[in-house]
Amino acid sequence: MTNFSFYNLVLLLCLSFVIYYSLNIYLFNDLQATVSKSDFRVAKHHALSSKTEITKGNSFSKNTTSNSLLSVQKAIVVKSKILKPVFRNKNPKYIAIKQKLWPNANIVFPSTDKLIGAVINALTTDSIYSMKNSRRGTQLKLVLELTNSQLVLFKPSWYSRDEIMNGSVYSGKDRHNSEIVSFHLAAVLNLRYTPIVAGRRISLRDSLKYADAELLQTMPVLNNLQCVYGVCHFCKSDEIVCDDKQNGTLEGAVLFTIPGKIIKYRSPWQRTYKEQLKAEWEKNDNYCALISKKLNFDVLLDLIDAAIFDFLIQNGDRHHYETRENRVLLLDNGKGFVSDAQLGRGY
Ligand SMILES: Nc1ncnc2c1ncn2[C@@H]1O[C@H](COP(=O)(O)OP(=O)(O)OP(=O)(O)O)[C@@H](O)[C@H]1O
Ligand SMILES: [Mn+2]
């Protein structure tokens, strides 16, 4: 196994070298035909000066390298402008082939489809026919029934826009806008494993008539405002969300319900949630090797994507992961966008 990995590594290094130098040769020799003479002169000059520095045994000077890269970038831009359309238009056949080659059971929305806009619009404006408490997870969530019996989840806003969170990285309640931004970021990154999410304001007062008996019991009126606290692990009658005084509505995120069988697993990188106690992954440098033997390879790669995604949204609370057809979904993104103070307290 050790030899195998070692030879693979050597092979990989050789391959990287070949690709790196072939690209350089291509960019500096072939692209010159389409780059203005002055651009090429700059590129060539930098290429030569970099070479001189190598022969001297020095590392590349940072400035020289970034200047050469800039020239190469320029060359690419110039070249791309004169490419024949056949090279610029995405071949529609490619998408079908790609899907065949890399079928992803966790992809829950298409990369390009006008209907996505229609779905977002429906999540934001569609009439509500019924409203009940969701027993899923530990925080307050409502299940809204929209047209054609479409069920969606509503995660309410608990904080004002300018609230600065304190405590540990996972403290506090979900941030509804973290769910919304996560969906858009995932789409930009082509990690299309989050639910489609849209912001929406609902009037709890107007929705009373749609609420079921269980939810109604947790919907008191406080200071003349309609409120709700729901039934869930962390739901308490003194932690409550209400219609806003000014506009009479409660803001929140509406999450499209991902269809299919979703299975929940404990994350191998779960925190201990105890200040003094480190988890195995925090102590053992070989933890990944250990886990990679236990996990399905696709799931491991998905979890690496999830870790990068969580870094970007600053979510330190992915205690579980969930799969659909053995691929990881990016569900539960409400704990993102922590404050700087929280980032420093990651236990
Ligand atoms: N958009 C969705 N589509 C389908 N199922 C969903 C969706 N969002 C959440 N769920 C299901 O509901 C469960 C609870 O949701 P979520 O994890 O967001 O709530 P939570 O209150 O933050 O839970 P926890 O306290 O466990 O973190 C999820 O584990 C998942 O199974
Ligand atoms: Mn959660």
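Since this is a predicted model, take the numbers as computed values, not measurements. Whatever order the structure lists them in is the order used to number ligands and atoms, beginning at 1. We use all heavy atoms of the structure for the numbers below, so side chains are in, but hydrogens, waters and symmetry mates are not.
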Inset, instruction - List for me each residue that meets side chain to side chain donor-acceptor pair (under 3.5 Å) alongside Ser130, sequence neighbours excluded, and say none if there are none. - result: Glu145
Inset, instruction - Please test Tyr193 against Phe309 for ring pair (Phe, Tyr, Trp, His ring centres under 6.0 Å), starting from the C-alpha separation and ending with a verdict. - result: CA-CA 11 Å; Tyr193 327 141; Phe309 185 75; 8.8 Å; no
Inset, instruction - May I ask you to say whether Arg205 pairs ionically with Asp243, meaning some side-chain N is under 4.0 Å from a carboxylate O? - result: no
Every pair of nitrogen or oxygen atoms between ligand 1 and the protein that is under 3.5 angstrom apart - can you list them with their distances to 0.1 Å?
residue  : atom   : partner : partner atom : Å
ligand 1 : 1 (N)  : Phe256  : O            : 2.9
ligand 1 : 3 (N)  : Ile258  : N            : 2.8
ligand 1 : 5 (N)  : Arg136  : NH1          : 3.1
ligand 1 : 17 (O) : Asp332  : OD2          : 3.2
ligand 1 : 18 (O) : Lys155  : NZ           : 2.7
ligand 1 : 18 (O) : Asp332  : OD1          : 3.4
ligand 1 : 19 (O) : Lys141  : NZ           : 3.1
ligand 1 : 21 (O) : Thr138  : N            : 3.0
ligand 1 : 21 (O) : Gln139  : N            : 2.9
ligand 1 : 21 (O) : Lys141  : NZ           : 2.7
ligand 1 : 22 (O) : Asp332  : OD1          : 3.1
ligand 1 : 22 (O) : Asp332  : OD2          : 3.3
ligand 1 : 23 (O) : Thr138  : N            : 3.4
ligand 1 : 25 (O) : Thr138  : OG1          : 2.2
ligand 1 : 27 (O) : His319  : NE2          : 2.9
ligand 1 : 27 (O) : Asp332  : OD2          : 2.8
ligand 1 : 29 (O) : Lys264  : NZ           : 3.2
ligand 1 : 29 (O) : Glu322  : OE1          : 3.0
ligand 1 : 29 (O) : Glu322  : OE2          : 2.7
ligand 1 : 31 (O) : Glu322  : OE1          : 2.5

In residues 261-269, what donor-acceptor pairs under 3.5 Å come from side-chain atoms, sequence neighbours left out?
residue : atom : partner : partner atom : Å
Arg266  : NE   : Gln270  : OE1          : 3.2
Arg266  : NH2  : Gln270  : OE1          : 3.2
Ser267  : OG   : Trp269  : N            : 3.0

Legend entry - Identity of the N, O or S atom of Asp332 lying closest to the Mn ion (ligand 2): OD2
Legend entry - Lys278: partners by salt bridge (Lys or Arg N to Asp or Glu O under 4.0 Å), with sequence neighbours left out: none
Legend entry - Shortest non-hydrogen contact between Met165 and Ser339, atoms and distance: O-OG, 2.7 Å
